[in-house]
Amino acid sequence: RSMGALYTLLITYFISFQVSSGSAFCVSGCSCTNDGLGRSLLCMETALRRVPENIPSDFVKIRIENSHLTELPRGSFLGVGALEFLWLNFNNITVMNMKSLEGLSNLTELRLQGNKLSSVPWTAFHDTPNLRILDLKHNRLDVLPENALRHLPGLTYLDLSFNKLTVISRDVFLNWPLYQGPERHGKREDGAANVVLALHDNPWLCDCRLKGFVEFIRSVSPPIILMNSYLTCSGPGVRAGKFFHEVEIKTCAKPVATAPLTNITRPLGVNVTLTCVISGRPDPVVQWTYGLKIIRGFTESQTQVDEDTFKSELVIPSLHLADRGVYTCAANNFIGNSSSSILVNIKAPNSSSPLSPSFPLASAEENVYIDIRIAKQTVYGITLEWYAVTENPAETWYTIHFGKFEAARKELIYIGPGINSYSVTDLLPVTKYEVCVTLKNQAPRSGQCVVFMTGSDISELEQREKLIHIIVIVCAMVLAVPAGMYACTTETRFRCLDRCAEACKRRRSTQKNPKPGERQGTFDSLQAGSDEGLCRDSNEDRRTRRRSEDKTTRAKTDQRNAAELY
């Protein structure tokens with residue numbers, strides 16, 4: 001009997017020890033209490049950067065505020081099955097995993113006020129069927145999906161105030177089970193609980209996209225009660241600052257673009273303004289195009305005509321011959337698009353009639369507009385891009401003038417039609433260069449050049465050659481490539497020179513017996529002189545390489561003989 005009593009005493013002591021040790025759990029820097037509601041964990045202004053691990057399952061309330069939490073990972077409170085109240089206000093939470101509330105079937109209150117959430121995984125609330133209070137005010141929510149509230153059928157309080165919501169569909173609330181139930185038969189069911197909804201202090205954009213939501217707010221009735229029914233518009237235009245009940249919002253409409261003048265004739269050198277009138281709801285986005293290209297370098301401005309109409313004006317400065325053609329004003333919103341075209345002609349000098357299309361192209365090329373920029377730059381290279389408005393883009397060749405800034409002569413690179421970028425590598429560090437883009441064989445003019453300085457990298461400089469050896473267009477012309485361009489750099493000069501040398505031999509045999517009607521003295525024939533120089537350089541390079549290889553062979557043979565003699 002005494003042994004049985006002792007055994008019972010030990011079991012009782014062990015159980016009480018386990019309970020007391022579990023009850024003694026508390027996070028460093030936090031406090032734990034036990035009141036009538038159950039055990040609570042309170043962490044205020046602590047250095048916590050993540051949710052504490054291994055929290056006992058008997059905690060009913062957890063409050064972590066003014067700490068450094070940045071995310072709620074999956075299963076953040078998975079082991080705390082008894083948790084009913086979770087307050088995580090005024091932290092830095094930006095990410096919430098879709099399974100972050102896993103295991104919290106007893107949760108009734110979730111407060112996330114004053115965090116940095118720009119979106120919420122609304123399916124996460126599938127794990128909290130008993131949730132009654134959800135506080136998300138003072139976050140950065142900018143969108144509310146149509147099915148956001150589907151997993152929140154038992155809410156009595158939802159606070160979305162002081163966020164960044166601009167447009168929302170009324171279907172968000174019409175799809176809410178809490179709203180559908182009482183209204184299913186056209187009358188409210190007995191015992192249905194009210195829910196307080198806070199949506200104020202969001203930058204609502206009161207255009208046609210908000211029409212359904214505005215009508216819903218005007219007609220809202222229990223079980224939904226607005227905390228603040230005076231919702232305010234932040235725009236657009238004259239609607240800014242007005243209450244929902246003060247604005248009349250129309251249905252969204254497809255854009256309509258029209259041009260008061262569709263055929264314009266002006267003399268050379270004058271400024272021309274093209275006008276396009278656009279209507280649509282919401283306000284469409286407007287783009288001007290010319291020859292299937294987006295206009296760059298011209299000035300476009302917009303003026304509001306009335307609530308749903310505005311005017312777009314495109315200014316063509318100092319009309320050039322290359323500016324002739326069809327300009328298109330295109331308007332687009334999420335409903336659809338519309339466009340209108342304007343034909344621009346140029347009046348011949350001392351004449352009232354427009355210039356005929358057969359006007360010499362060379363004159364137009366004198367005033368061609370070329371926009372040039374450096375798209376990418378490294379220590380040893382650049383990528384160049386340009387845009388040009390020409391009379392005949394399909395047949396327009398360009399010349400790139402490239403070299404050191406102080407050099408009197410620049411390397412010439414010829415670029416075929418349809419190409420608007422070019423890359424140069426193997427530049428010297430800490431060196432000033434100039435690059436220009438012109439029409440073929442034209443001299444650079446103001447606005448067609450870019451001056452740049454390469455970066456500094458001494459270790460790389462010591463491993464590279466000091467001079468750039470770029471052979472341009474010669475290979476392309478010798479190999480009879482009709483368009484585009486080939487460049488031979490220091491890394492590939494031997495292979496390119498071998499090919500060029502073979503082409504030189506063929507060209508010499510062809511030049512000894514020229515075919516009837518063959519052009520002489522043209523750009524192509526001028527390249528022959530350069531080809532001969534290239535061939536001579538190629539032969540000299542080959543002889544140099546053979547001498548170098550012979551020396552290497554003799555050195556290896558001498559070394560082998562010395563080893564055998566030893």
Side-chain angles (χ1 to χ4, degrees), residues 96 98 101 108-113 117-126 128-234 239 242-252 282 334:
M96 183 176 174
M98 64 183 300
L101 304 178
T108 60
E109 184 173 329
L110 175 61
R111 296 184 181 273
L112 291 163
Q113 175 185 354
L117 290 167
S118 58
S119 64
V120 171
W122 296 96
T123 55
F125 300 111
H126 178 74
T128 59
N130 293 310
L131 194 64
R132 298 288 181 268
I133 296 175
L134 177 58
D135 186 355
L136 292 167
K137 63 175 170 282
H138 285 288
N139 274 279
R140 301 175 180 179
L141 301 179
D142 57 3
V143 65
L144 208 59
E146 187 173 318
N147 296 318
L149 307 181
R150 174 171 293 182
H151 300 292
L152 294 166
L155 282 186
T156 58
Y157 179 84
L158 175 61
D159 196 339
L160 296 170
S161 61
F162 294 95
N163 276 279
K164 297 184 180 297
L165 298 172
T166 57
V167 176
I168 187 175
S169 170
R170 66 177 171 184
D171 292 341
V172 172
F173 302 97
L174 296 181
N175 293 336
W176 196 359
L178 182 145
Y179 183 81
Q180 289 178 333
E183 300 294 330
R184 186 173 294 124
H185 303 292
K187 62 180 181 179
R188 187 181 179 192
E189 298 178 356
D190 294 337
N194 290 328
V195 57
V196 176
L197 181 62
L199 294 167
H200 54 277
D201 288 285
N202 279 284
W204 300 113
L205 191 61
C206 296
D207 61 20
C208 67
R209 292 169 292 180
L210 209 64
K211 176 178 173 63
F213 177 67
V214 170
E215 293 174 351
F216 170 78
I217 293 299
R218 289 173 178 172
S219 62
V220 71
S221 60
I224 296 178
I225 300 174
L226 289 178
M227 179 181 290
N228 184 346
S229 59
Y230 291 94
L231 302 188
T232 308
C233 302
S234 65
R239 293 177 180 168
K242 291 188 176 182
F243 297 119
F244 277 20
H245 65 270
E246 295 178 326
V247 297
E248 189 64 34
I249 300 180
K250 300 178 182 179
T251 306
C252 293
F334 77 97

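Because the structure is predicted, anything quoted here is derived from the model rather than measured. FYI, side chains are in, hydrogens and waters are out, and symmetry mates aren't considered; it's all heavy atoms of this structure. For this chain, numbers begin at 1 and follow the sequence in order.
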Provide the closest heavy-atom pair for M96 versus P121 in the form atom of the first, atom of the second, distance.
O-CG, 3.0 Å

Go through the structure and list residues passing side-chain hydrogen bond (donor to acceptor under 3.5 Å, both in side chains) with T166, not counting sequence neighbours.
none

Between T128 and F125, is there a donor-acceptor pair closer than 3.5 Å when you use the side chain of the first and the backbone of the second?
yes

Measure the CG-CG distance between L231 and D201 for me, rounded to the nearest 0.5 Å.
9.0 Å

Return yes if some donor-acceptor pair links the side-chain N/O of N139 with the main-chain N/O of S118 below 3.5 Å, else return no.
no

One thing to verify: whether E215 and R170 come together as a salt bridge, which I'm taking to mean a side-chain N less than 4.0 angstrom from a carboxylate O.
yes

Derivation of the side-chain contact (heavy atoms from CB on, under 4.5 Å) call for R209 and C252:
CA-CA 7 Å; R209 292 169 292 180; C252 293; 4.3 Å; yes

Tell me the closest heavy-atom pair linking P145 and W122, and the distance in Å.
CD-NE1, 3.6 Å

Just by distance, do the side chain of N202 and the backbone of L165 share a donor-acceptor pair under 3.5 Å?
yes

Check the orientation of Y230 and H245. Use parallel for under 30°, tilted for 30 to 60°, and perpendicular for over 60°.
perpendicular

Do L210 and W204 come within less than 4.5 Å of each other through their side chains, counting heavy atoms only?
yes

Shortest non-hydrogen contact from P222 to N194?
CB-OD1, 3.7 Å

Within the 4.5 Å heavy-atom criterion, are V195 and I225 side-chain neighbours or not?
no

Is there side-chain contact between F162 and Q113, with at least one heavy-atom pair below 4.5 Å?
no

Give me the ring orientation class for H151 and H126: parallel if the planes are under 30° apart, tilted from 30 to 60°, perpendicular past 60°.
perpendicular

With sequence neighbours left out, what residues match R218 under side-chain hydrogen bond (donor to acceptor under 3.5 Å, both in side chains)?
none

Counting only N and O atoms by type, is there a donor-acceptor contact under 3.5 Å from the side chain of W176 to the main-chain atoms of L152?
yes

Calculate, to the nearest 0.5 Å, the distance between atoms SG and CD belonging to C233 and E246 respectively.
8.5 Å

Evaluate side-chain contact (heavy atoms from CB on, under 4.5 Å) for F244 paired with S229, printing each intermediate quantity in order.
CA-CA 9 Å; F244 277 20; S229 59; over 6 Å; no

What is the distance from atom CG of L134 to atom OG1 of T108, rounded to the nearest 0.5 Å?
12.0 Å

Please tell me if the side chains of L149 and V172 come closer than 4.5 Å, counting only heavy atoms from C-beta onward.
yes

Roughly how far, to the nearest 0.5 Å, is the CG atom of D159 from the NE2 atom of H138?
8.5 Å

Could you check I224 against F216 for side-chain contact (heavy atoms from CB on, under 4.5 Å), going step by step and ending with a plain yes or no?
CA-CA 11 Å; I224 296 178; F216 170 78; 4.1 Å; yes

Between D135 and R111 (salt bridge meaning N to carboxylate O under 4.0 Å), is one present in this structure?
yes

Flag the pair T251 / C208 as yes when at least one side-chain heavy-atom distance between them is below 4.5 Å, and no otherwise.
no

Nearest atoms (heavy-atom pairs only) where L131 meets E109
CD1-N, 3.8 Å

Quick one: does L101's side chain get under 4.5 Å of L110's, heavy atoms only?
yes

Kindly indicate, with the supporting measurements, whether the criterion side-chain contact (heavy atoms from CB on, under 4.5 Å) is fulfilled by N175 and N147.
CA-CA 7 Å; N175 293 336; N147 296 318; 3.7 Å; yes

Got P282 and F334 here, is their nearest side-chain heavy-atom distance under 4.5 Å?
yes

K211 side chain vs I249 backbone, donor-acceptor pair below 3.5 Å
yes

Would you say that V220 contacts F173 through its side chain, given a criterion of any heavy-atom pair below 4.5 Å between the two side chains?
no

Using every non-hydrogen atom in the two residues, find where H200 and N228 come nearest and quote the distance to one decimal.
ND1-CB, 3.6 Å

Near R132 CZ, under 6.0 Å, is it more than 12 heavy atoms from other residues, nucleotides or ligands?
yes

To the nearest 0.5 Å, what is the distance between CG on L205 and CD1 on I168?
13.5 Å

Any donor and acceptor pair, going by atom type alone, linking the side chain of N163 with main-chain N or O of S161 inside 3.5 Å?
yes

Please name the pair of heavy atoms, one in L155 and one in I133, separated by the smallest distance, quoted to 0.1 Å.
CD2-N, 4.0 Å

